[in-house]
Amino acid sequence: MTMSYWLFKSEPNEYGIDHLAKDKKARWDGIRNYQARNILRDDVSVGDQVLFYHSSCKPTAIVGLAEVVAEGYPDPAQFNADSPYFDAKSKIDAPRWVCVDIAFQAKFKNPLTLAALKKMPELSEMVLLQQSRLSIQPVTKAEFEFILRTGAGKS
DNA sequence: GCCAACGTTGGC
DNA sequence: GCCAACGTTGGC
């Protein structure tokens, strides 16, 4: 079994790295995009490493590291009429949306801002820089290791 | 707040 | 199955 690497986006005023550091573990729910759903359902495995990215904030940046601790299962929020993630078209016996659980690993001492990432030739192929809207995206081993080596300095 | 990119919906 | 209209994401 090979370990894979991912980048998960989150808006820090909704749920940021400090929330995850405090909670230790979180359900990564509310993903309502089919491409992202397919990745969660088919490709994300326990033990995979996750770069935690803050979007829609200043500055946008990779801010920490997490690990997958539970692989894809039906997102309970899709069945909860009170949830903003409720989906009336999703059936219990044929769930449309999937979530995973992640655990906090580290908060980077030096977050790698999007502006900085764009300047690094080693990262020019990163999905983040190609297809910015995807909220769950693959990261290559080389990119992952480069990012940890370059910016991180775990705190 | 604006706008580009792109995903989704629905009429035909 | 195409495509126009519309909605959402997310950087700036």
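Hydrogens, waters and symmetry mates play no part in the numbers below; they use all other heavy atoms, side chains included. Every chain is numbered from 1 and lettered A, B, ... according to where its sequence line falls, protein lines coming before strand lines. Not measured: the values here are computed from a predicted model.
With a cutoff of under 4.0 Å to any heavy atom of chain A, the contacted region of DNA chain C is bounded 5' to 3' by C:dG7 to C:dC12.
Outside the 6.0 Å centre-distance limit, the rings of A:F52 and A:W6 are not counted as a close aromatic pair.
Judged by distance alone, the side chain of A:K9 and the main-chain N or O of A:L134 form a donor-acceptor pair under 3.5 Å. A:D23 places no side-chain N or O within 3.5 Å of a backbone atom of A:A26 that could act as its donor or acceptor partner.
Counting heavy atoms from C-beta outward, A:I31 and A:V98 have side chains that stay 4.5 Å or more apart.
Residue A:K118 is classed as a sugar-phosphate contact, given heavy-atom separations below 4.0 Å to backbone atoms only. The residue A:E11 sits apart from the nucleic acid: no heavy atom pair falls under 4.0 Å.
Salt bridge status for A:R27 with A:D75: absent, with no side-chain N to carboxylate O gap under 4.0 Å.
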